[in-house]
Protein chains: 2
Amino acid sequence: MASRANLSDIARALGVSVATVSNAMSGKGRVSQELGRVIREKAKELGYVPSLAGRALSTGRSHVLGLVLADIAHPLFPQFAQAIEHAASEAGYGVLIGDSRGDIDAQTRAINRLIERGADGIIVVPRHGTRIGDIGRPVAVIDSPSTPGNTVAADHWNGGMEIGRHLLDLGHRSLVIIGLHADSNVQNDRVGGIRAAFAGIGKTRLIWISEMERRHGSGCPLGLVRLVEEGVTAFAAVSDLHALRAITELQQGGISIPGDVSVTGFDDLIWAGVIAPSLTTMRMDMDRIAAIAIADLISQIEQEGTDGVLPDPKTIRDQNSIPMELIIRQSSGPMLGLPVSGETPPGFRGSASPTIDQV
Amino acid sequence: MASRANLSDIARALGVSVATVSNAMSGKGRVSQELGRVIREKAKELGYVPSLAGRALSTGRSHVLGLVLADIAHPLFPQFAQAIEHAASEAGYGVLIGDSRGDIDAQTRAINRLIERGADGIIVVPRHGTRIGDIGRPVAVIDSPSTPGNTVAADHWNGGMEIGRHLLDLGHRSLVIIGLHADSNVQNDRVGGIRAAFAGIGKTRLIWISEMERRHGSGCPLGLVRLVEEGVTAFAAVSDLHALRAITELQQGGISIPGDVSVTGFDDLIWAGVIAPSLTTMRMDMDRIAAIAIADLISQIEQEGTDGVLPDPKTIRDQNSIPMELIIRQSSGPMLGLPVSGETPPGFRGSASPTIDQV
DNA sequence: CTGAAAGCGCTTACAG
DNA sequence: CTGAAAGCGCTTACAG
């Protein structure tokens with residue numbers, strides 16, 4: 001087995017034609033059961049691994065998909081990449097990554113580079129405030145159900161609704177919503193859902209972090225302690241990252257969570273279960289989203305050049321709003337007014353205190 | 001421009017041979033300056049994009065590299081992926097991702113899948129406690145300089161040394177080091193460096209989180225408040241993730257940072273600059289590490305099958321221990337004993353308190 | 001059911 | 001300096 005065996009090696013070893021071997025391996029052309037078996041056996045014996053390059057050249061399909069996130073450094077990227085890689089791999093596709101380092105028009109360049117590399121289609125998680133135009137190739141967009149041209153996404157609006165209801169159920173009536181970018185579809189949907197839940201029942205205020213930071217510098221305090229003094233009892237952030245920022249700012253200000261106030265996030269990022277108190281959050285069903293995105297993309301790829309009509313986009317979209325899951329952890333608890341700081345409210349669902357032997 | 005132009009289209013349009021066009025485009029064969037110019041111009045005019053599949057088939061090189069992290073969900077993955085993608089892309093290579101969802105022997109399977117997909121070489125960031133055997137293809141391993149077979153890595157030991165010195169300079173003499181896995185080369189190097197700094201000057205204790213969690217359940221408290229009561233004034237975690245866990249646990253216990261104790265991390269993960277207090281940490285020079293890993297990999301790929309001798313591995317290794325950078329933020333401050341909780345120590349380098357108009 | 005042949009787009013010795 | 005030809009490994013009508 002000096003160098004890799006190819007179809008000809010198998011054909012020669014068996015005295016048949018490469019066409020027959022090819023048919024036997026692909027299961028396409030009609031080959032007798034018996035011969036098929038013999039061929040596949042020989043292939044295994046020779047350690048045959050098909051050459052993707054050869055196949056790509058003759059079929060015009062690379063069986064590679066491109067994954068583009070405007071900013072690969074986003075903390076959600078690992079979840080996306082893992083789910084997409086898994087779904088693609090199941091379908092026999094590889095995943096090429098593209099990055100634009102957060103630069104807006106580099107997003108388009110990243111997509112083009114992937115296409116030049118031969119990607120059969122592209123999965124895009126677009127940067128907030130951008131839209132993907134026609135790129136001359138199949139695309140699947142994962143953004144928000146409210147985004148025009150969106151292929152599949154979590155139902156961010158209902159996710160917001162659920163987290164809002166959760167806080168209402170705990171008795172909260174004065175809420176501050178924390179977002180980052182006012183031009184993000186995803187964030188606006190989440191905010192919209194939360195507000196809809198509170199409508200007519202409780203009061204909400206909205207903070208956009210990017211606007212505060214534009215005025216006061218990156219990493220500036222959000223002034224949350226002051227808000228608590230004014231009567232706010234809960235904070236709902238549209239991302240665990242901002243929830244974390246809120247929690248630490250409040251804790252540093254001597255406010256107890258969830259004793260004094262509740263804090264919730266979104267996305268179940270890596271630290272949500274690890275911090276103290278652990279973070280109540282909403283999780284996307286990444287595997288399902290990825291599976292649908294990949295399936296959609298592959299069906300586009302396979303219908304390409306065919307006169308077959310694509311399924312009605314609207315139909316797809318309607319069934320492609322994927323429910324989110326509420327994960328209740330310690331950071332949200334029943335509203336108790338403002339107990340003496342440090343006191344643990346009766347409803348507190350924390351773990352037991354550490355004992356010395358744990359250290 | 002119905003379908004993409006290829007070499008023959010250019011050749012036909014100009015009445016020359018495809019061989020000449022190929023040579024002109026690659027700059028390899030000697031083609032007259034003038035003809036070269038004309039050909040390249042025509043190529044541009046026709047919107048020629050070379051077919052990677054065709055090239056791959058004839059050269060046997062895909063110009064694609066595989067990137068394997070045992071667990072793609074690791075919070076460092078974005079940094080790695082971004083740096084590797086950038087360096088590879090500069091060198092004309094694409095990056096295919098492989099994942100093993102944290103499963104140990106799936107790591108090998110992920111590597112093999114990438115190779116079957118035609119990757120010319122693989123970059124591996126191995127799971128703690130694993131080693132990469134011969135995979136019959138060029139590999140670059142990014143782990144730790146102390147790992148046998150390591151290609152390039154941050155100088156984790158010196159990074160530990162620096163963070164240790166930083167804490168010593170602040171006056172700390174009683175330190176707890178927080179690690180996750182006792183079988184991780186990276187973590188052991190970091191721990192070793194910190195201990196070396198404290199040797200003969202201060203006292204250190206070591207906690208491995210994975211062992212505590214095995215006994216007390218995932219997400220269990222680390223008992224840090226108790227340690228502070230016993231006189232510990234600083235905590236050095238080998239990852240920002242554990243530093244975050246420590247900070248929130250301490251804050252929840254009413255301990256002020258950096259008023260009462262200092263906390264430091266490693267890796268400058270996404271939240272390090274965002275939490276309150278922001279986190280002092282050590283950052284790897286990912287771009288440099290990625291550039292070296294890619295360069296090493298490509299030189300292996302190009303020398304493959306040549307009688308050319310590879311550079312002495314030891315030589316490579318010696319120059320491939322990349323310094324880390326200390327990033328001092330608010331979570332570490334001068335040792336002041338145990339001031340009244342909530343009091344801000346004089347040396348505190350925090351931002352101003354928020355004013356109401358920030359909200 | 002099986003095979004001979006052409007072709008996918010490129011590169012690379014080898015002639016001229 | 002330029003071109004004709006073979007070949008990389010596969011697939012796909014088309015004959016037989």
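A, B, ... follow the sequence lines: proteins, then strands. Residue 1 opens every chain.
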>> Checking side-chain polar atoms at under 3.5 Å, does B:S146 have a donor or acceptor matched by the opposite partner on B:N185?
In response: no
>> Taking 4.0 Å as the cut-off, does a side-chain nitrogen or oxygen of A:S17 come that near to OP1 or OP2 on C:dA4?
In response: no
> With distance as the sole criterion, is a donor-acceptor pair present between the side chains of B:S62 and B:D120 under 3.5 Å?
Replying inline: yes
>> Among A:D143, A:V141, A:I289, which residue satisfies the side chain to side chain contact (heavy atoms under 4.5 Å, CB included) criterion with A:V152?
In response: A:I289
>> Treating primed atoms plus P, OP1 and OP2 as sugar-phosphate and everything else as base, which nucleotides of nucleotides 7-16 of chain D get B, S or - for protein heavy atoms under 4.0 Å?
In response: BBBBBB----
> Starting at CZ of B:R12 and ending at C1' of D:dG3, how long is that distance when rounded to a whole Å?
Replying inline: 16 Å
> How about A:T20 and A:S17: does a side-chain donor come under 3.5 Å of a side-chain acceptor?
Replying inline: yes
> Who does C:dG16 pair with, Watson-Crick or G-U, both distances under 3.5 Å?
Replying inline: D:dC1
> Should the pair B:E116-B:R113 be classified as a salt bridge under the 4.0 Å nitrogen-to-oxygen rule?
Replying inline: no
